[in-house]
Structure formats: structure tokens, C-alpha cells
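Working notes for the structure below.
So you know, we letter chains A, B, ... as the sequences are listed, proteins then strands, and number each from 1.
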Amino acid sequence: MTPDLHLHNSLTRTKERFVPIDPAHVRMYVCGPTVYDLAHIGNARPVIVFDVLARLLRRLYPRLTYVRNITDVDDKINARAAESGEPIAAITARTTADFHRDMAALNALPPDAEPRATQSIAPMIALIEKLIARGHAYVAEGHVLFSVPSFGEYGALSGRSPEEMLAGARIDVAPYKRDAGDFVLWKPSPPGVPAWDSPWGKGRPGWHIECSAMSWQALGEVFDIHGGGHDLMFPHHENELAQSRCAFGTPRMASIWLHNGMLRVEGEKMSKSLGNFIVLRELLSRGAWAGEALRVAMLRTHYRADLDFTWAGLEEAKAELDDHYSMLSRAVPPPEQPALQAEMADWALAPLLDDINTPLALTRLRDLRTLENVASVGGSATAVLGRIGRGWPVVPGLAAAAFREAAGVLGLCAADPVAWLKGGEDTAWVDQAIADRLAARKARNFAEADRIRDELKAKGILLEDGPQGTTWRRA
RNA sequence: GGUCCGGUGGCCGAGUGGUCAGGCACAGGUCUGCAAAACCUGCUACGGCGGUUCAAUUCCGCCCCGGACCUCCA
């Protein structure tokens, strides 16, 4: 696949050709979770989106280092500890493990590095010292503050001037700030709150400095891609960018900034006050299919657009996966046509090169599925081949192999098809019922055969009579 | 108030200055003991008003509607 990837850069608000700083080693940083509570479905979106991008980059380039941090020092964590009595370290360790489990259920691969804020205090202090030395930060009443006016390009990422930001801002300005827009790099800790020794006394870092420190440690002063939710663009990413550029004196922090859109639920903004907050663990408990179905549901919308999550949409995504796995379950081993298989897979994946157009890639996956169905079950491929303008041979196994290859980049359809369709439990009784029904059919006792089928249907088992006998799957 | 992003057929959702998205749902059909699955066919939309153009859903302007962000929410 030719590495001709274009991405929408939030910094320039245009689609740009992706040119790695080092083509032999692409580097990407994505803001990870603050570990104080179970992940909700909104947390899942950037994980899924950037997992797809990571898989794509690995296909395009020889090496990728994908870094996603864990924020384990934060006032929300402190508050949770104060109200529950559980030690901070226990909360963060447990929540991190929960996060890992949930993300694995989404079929998201772990990042190459997962630095933690509490283990990155030294580089944070080093960065703050650089900023003070360069005149971009100052000490005031035990705090260290970043001087926004010292960085002329502040506001470029979020597209607003400091004056504009303050015009409608609903905040109180701390009296020790020289400028209302200045933000905290280091702050003193009240009793009972985690504190580390620093040149400015015992205290803790501000929110944004951790990502500047961790990306620096893991990827260097300048790297290729920085990602995260759109809500992080301001102030978090704006401040990160200011810190890193000012500390290192570089013309940029990352070449391309990517931001995924926000989530709504059944048309409404997801919020705790509306009571429509969906905890990922709860969604996953609906069945083994739920994680992958959520992945499909999310990839059906372009990553930059806001996504309206609906339960009906999740069901539709599951149904689509059922169809995919049905096709895969009957696919024969592919013929030895690696070049053609790669061509078909590349065709399906080509939309990803255009700013990660997953909805179109999913459409093409469906076309590959149809081609395989035509080859293995019967029918005509002329309609599909004509529409897509290809003259591929219709050979059993070929499109299925290309499908698997392409789906793998989307992180889909890696499960065993039979396990997916049958649920993986002990189901010898179903086979027995099918045998009984077969006997009834042979005796032309169709009333009994239909009775058995209805009985199974009531238990969520669907029978399908085919040329090779009767198969079944869960509804 | 400021900044920004969107409005595509019953629903979801790509894309394009002029020939087709696709899926779901629905309706026919092939196949089947009946079904299911699979395949085929039908369903022809681009918020409103102007403008540019031979031609606009696609470009420009205005308006309406929805959404996001505006100091610690992915």
C-alpha cells in the first residue's frame, strides 16, 4: 500500500499530506484517561479511532511508536479518595486495570508505551525549569505559572486570541496571575493531597504539563501526530503546545493534530445530569458481541464528526457483524493469488488514506463480502463489480481473504466466526434437536420438523438449511 | 456574547459542478417441503432564499435549525 496518507490537521484546519519526520519511525501521542472511575463510551471513541490509525500506520510504515498516557494525578482522583476513603494508589491501580480490560474488549491494541504522570514528575520539573529559564514561566505565591503573553502564537491551535478567550470566560482570575490567561504549571498541595519535592516547594503538577513531559520522554521534543478528543483542543492541547514549544524553542510540537468528535446519546448530550451516561462496562455486559459492535457503530461515523450513539445503532452494528461472520464461517481457504488479494484489500482500505474515512471503508468491506457470497453461495457479481469498476475473478475464498486482511486494519472480524455465531457455549443439545428435525424431514413429517425449528427459535437459535446440511446461529 | 463545526431519501451515512454511493427498514423476485441465508430488482434525497454558471446537493452570500468549545470533560 502506498503511504499516501492525508489527515485533517486541526492546527491548519486543512487536510494535509502526512509526511513523517522520520519515515523509518513514525511517532504518535494520544491523550489517555484520568483514572478515577470506570470508562464511559465517550472514552472509547478516541481509543478506537486512534487504534485504527495506529494499525494503518503500521501497515504503511516500518515502525510506529504509539504512546498513550495514564493520568494518575488529578483533583478528581483526590476527591474520589477523600469521599470513599480508598487510598489514591488503589483507586488509580484498579481503574487502570479496568480501563485495560475494557479497551481489550473493544479489540483495541495496547499502545507501545503507556507512561504515567506520577512516574514522570522529574521530567515535568525539568520542563518547568526550562520554561522559567527561557522567560516563559514565573513563580508566584508557591505556584509556577506559564506566561501566555510570552508566546506570541498562543491560541493558534484552537483558533482564538487570548482576548477572545477571556471575553466570555466564566472563570475567576487568581490574583497572583500576571495575566488572566496564564495557567498553572506547578501548584502547592494542601494537606492530604499528593505532593512531590520541587524547587518551588512541595506540590503537584498542573494538568497540562504532564503530557508535554511524557510525550517528550517517549517521543522527543517534536513528533508526528498528537491526538485526542475535540474537547481537549482548548485549553489542554493549546497549553501543551505552548509549553513544549517554548521549553524547546521548536517551531512546532507535533506535525499534525487530530481531534475526534464528541458523543451524544439518543440525540442528547451525554451527561450525568441527564442520566444518559453510558458506562462502557455496562454496555459490554450485554454480551460478548457488544465490544466489537460498539467499534463498528463508532467507525460508521467519520471520526471528526459528532457521533450520536443509539441502542438501535448498536443492534444494527451487531447485525452487520453477524453477516460478516456468516460469510467468513463458510469461506474456504483462499487461492494462491496474493497480488490480487492485496489489491482487493488495498481497495477496501484506500478510504482510510483520505483522513481515515472509516464509513467508506466499511462500505467497501461489505462489497468484498458480497463478492465472497456470490462466489461461495451463488448469485451474480456483475452488479457489484460494475458499480465499483473492477474486473476481479469470482473465486471462492479470494474476497474473504481480502476481507480478513482489510478488516484487520479496522480491528474487526478477528474472532472465530463459529464462536461468534454460536456464542461459544456447550450446545450439543442443539445438534441433537437438528438431528431429530432431520429425521422428521426425511419422514416428510414437516409439521414435526417445523415444531422443532420453532422451539429452537424461541430459544434464540436460528436454523439455516443449506446444500451441506443444516447450520445454526444465535439470533 | 465570542470562536468553530454541521444540516443528504423512513433511519444511519459517504461523496461529487453535469452518468451510481452503500447499509438498515420496506416491497417484489430467484432458491427452498416451508423458512432462513445468499443473490437480483424497486424505493432516487441533498434545510430555506438569492447569486455565479450552459449546468449546483456540490462554489458564494444571507437566513433558519442543530451541535461543540470558551481554564483542568475523550
Side-chain angles (χ1 to χ4, degrees), chain A residues 10 13 30-34 39-47 49-50 71 74-76 155 158-161 163-174 180-184 206-208 227-236 238-239 259-264 267 269-272 297 300-302 304-306 308 310 312-313 315-317 319-320 322-323 326-327 330 351 354 357-367 369-370 372-374 376-384 386-389 441 444 446-447 449-450 453-454 457 462-466 470-473:
Chain A
S10 299
R13 272 161 272 275
V30 175
C31 288
T34 300
H40 59 256
I41 58 174
N43 295 306
R45 173 112 103 142
V47 171
V49 164
F50 291 106
T71 296
D74 182 274
D75 284 348
K76 287 193 292 296
S158 52
R160 46 189 110 200
S161 68
E163 301 77 57
E164 283 169 354
M165 283 180 263
L166 295 168
R170 26 176 209 238
I171 51 153
D172 296 322
V173 177
D182 294 351
F183 56 90
V184 170
W207 176 32
H208 319 293
H230 187 258
D231 55 340
L232 293 180
M233 193 152 87
F234 185 86
H236 186 52
E238 191 73 71
N239 292 354
H259 292 98
N260 60 273
M262 298 292 99
L263 227 66
R264 282 179 293 149
K269 179 179 169 130
M270 184 171 74
S271 72
K272 283 177 177 163
R300 292 175 82 160
T301 298
H302 184 85
R304 276 195 293 120
D306 285 347
D308 187 16
T310 62
E315 290 295 330
E316 198 177 304
E320 178 169 352
D322 285 343
D323 291 345
S326 290
M327 177 274 288
R330 58 182 169 246
D354 181 17
N357 190 340
T358 54
L360 192 55
L362 287 174
T363 288
R364 291 187 172 191
L365 231 38
R366 278 184 222 111
D367 286 333
R369 184 184 77 204
T370 298
E372 180 62 33
N373 282 335
V374 166
S376 62
V377 182
S380 168
T382 47
V384 171
R387 175 161 55 75
I388 68 180
R441 291 178 70 202
R444 301 200 63 81
F446 296 121
D450 290 347
R453 185 171 60 202
D454 290 344
K457 188 180 179 185
L462 297 179
L463 299 187
E464 293 171 2
D465 296 329
T470 300
T471 59
W472 64 275
R473 64 185 174 88

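- Comparing the P positions of A56(B) and C49(B) gives an interatomic distance of 14 Å, to the nearest angstrom.
- In this structure Ser380(A) satisfies the side-chain contact (heavy atoms from CB on, under 4.5 Å) test together with Thr382(A), sequence neighbours excluded.
- C43(B) and A27(B) are spaced 8 Å apart, taking the C1' atom of each and rounding to whole Å.
- As rounded to the nearest Å, U44(B) and G61(B) have P atoms that lie 33 Å from one another.
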Base-contact (B) and sugar-phosphate-only (S) positions in nucleotides 30-42 of chain B, heavy-atom cut-off under 4.0 Å, - elsewhere: ---BBBBSSSS--

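- Under a 3.5 Å cut-off, the side chain of Asp306(A) and the backbone N or O of Gly261(A) do not form any donor-acceptor pair.
- Gly42(A) comes within 4.0 angstrom of a nucleotide base, judged by non-hydrogen atoms across all strands.
- Counting only heavy atoms from C-beta outward, the side chains of Asp323(A) and Met327(A) never approach each other to under 4.5 Å.
- Within 4.0 Å (heavy atoms only), Leu263(A) reaches at least one base atom of the nucleic acid.
- Residues Met262(A) and Lys269(A) fail the side-chain proximity criterion, which asks for heavy atoms closer than 4.5 Å.
- Counting to the nearest Å, the P atom of G6(B) and the CG atom of Asn260(A) are 16 Å from each other.
- The CZ-P distance, from Arg304(A) to C4(B), rounds to 15 Å in whole Å.
- Both Asp182(A) and Arg45(A) lie close to RNA chain B; mapped to their nearest nucleotides by heavy-atom distance, the more 5′-ward contact belongs to Asp182(A).
- Rounded to whole Å, atom C1' of G23(B) lies 7 Å from atom CD of Glu320(A).
- Considering only residues two or more places apart in sequence or on other chains, Thr471(A) meets the side-chain contact (heavy atoms from CB on, under 4.5 Å) condition with Glu464(A).
- Distance check: Met270(A) CE to Ile41(A) CD1 gives 5.0 Å after rounding to the nearest 0.5 Å.
- Residue-level contact check: Asn239(A) touches neither bases nor backbone, having no heavy atom under 4.0 Å from any strand.
- With sequence neighbours excluded, the residues forming a side-chain contact (heavy atoms from CB on, under 4.5 Å) with Asp354(A) are Lys15(A), listed by chain and number.
- A search for side-chain contact (heavy atoms from CB on, under 4.5 Å) contacts involving Ala381(A) returns Leu371(A), Val374(A), Leu385(A), Val394(A), not counting sequence neighbours.
- Scanning for salt bridge (charged side-chain N to carboxylate O under 4.0 Å, His left out) contacts around Arg364(A) gives an empty result, with sequence neighbours left out.
- For Ser10(A), the side-chain hydrogen bond (donor to acceptor under 3.5 Å, both in side chains) partners two or more places apart in sequence, or in a different chain, are His259(A).
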Could you list, one pair per line, each protein nitrogen or oxygen that sits under 3.5 Å from a nitrogen or oxygen of nucleotides 57-61 of chain B, together with the distance?
none

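- Annotation: A36(B) and C73(B) have their C1' atoms spaced 47 Å apart (nearest Å).
- Between the CG atom of Asn357(A) and the C1' atom of G22(B) there is a distance of 12 Å, given to the nearest Å.
- Distance CG/Asn260(A) to NE2/His230(A): 9.5 Å, rounded to 0.5 Å.
- Rounded to whole Å, the separation between the C1' atoms of G23(B) and U53(B) comes to 35 Å.
- Phosphate contact (OP1/OP2 of C69(B), side-chain N/O of Lys269(A), threshold under 4.0 Å): present.
- Judged as a salt bridge (charged side-chain N to carboxylate O under 4.0 Å, His left out), and not counting sequence neighbours, the contacts of Lys76(A) are Asp74(A).
- Atom P of nucleotide U3(B) and atom CD of Glu238(A) are separated by 16 Å, given to the nearest angstrom.
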Can you tabulate the close N/O pairs, meaning under 3.5 Å, that link protein atoms to atoms of nucleotides 9-13 of chain B?
{"residue": "G13(B)", "atom": "OP1", "partner": "Thr301(A)", "partner atom": "OG1", "Å": "3.1"}
{"residue": "G13(B)", "atom": "O3'", "partner": "Arg300(A)", "partner atom": "O", "Å": "3.3"}

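- Distance check: Leu463(A) CG to Asp450(A) CG gives 10.5 Å after rounding to the nearest 0.5 Å.
- Looking at RNA chain B, the stems built from 3 or more consecutive Watson-Crick or G-U wobble pairs, each pair with its key distances under 3.5 Å, are B:1-7 with B:64-70, B:10-12 with B:22-24, B:26-30 with B:38-42, B:47-51 with B:59-63.
- Note that the CG atom of Asn239(A) and the CG atom of Leu232(A) stand 11.5 Å from one another [nearest 0.5 Å].
- Separation of the C1' atoms belonging to C60(B) and G29(B) is 48 Å when rounded to the nearest angstrom.
- Taking the ring-ring contact (aromatic ring centres under 6.0 Å, His included) definition, one finds that His236(A) meets it with Trp207(A), His208(A), sequence neighbours left out.
- As a whole-Å value, the separation of Leu362(A) CG from G23(B) P is 13 Å.
- Regarding Asp367(A), its CG atom lies at a distance of 14 Å from the P atom of A21(B), rounded to whole Å.
- The distance between atom CZ of Phe234(A) and atom P of C73(B), rounded to the nearest whole Å, is 14 Å.
- Comparing the C1' positions of G48(B) and G13(B) gives a spacing of 23 Å, expressed to the nearest Å.
- The separation of A35(B) from U30(B), taken at their P atoms, amounts to 11 Å, rounded to a whole angstrom.
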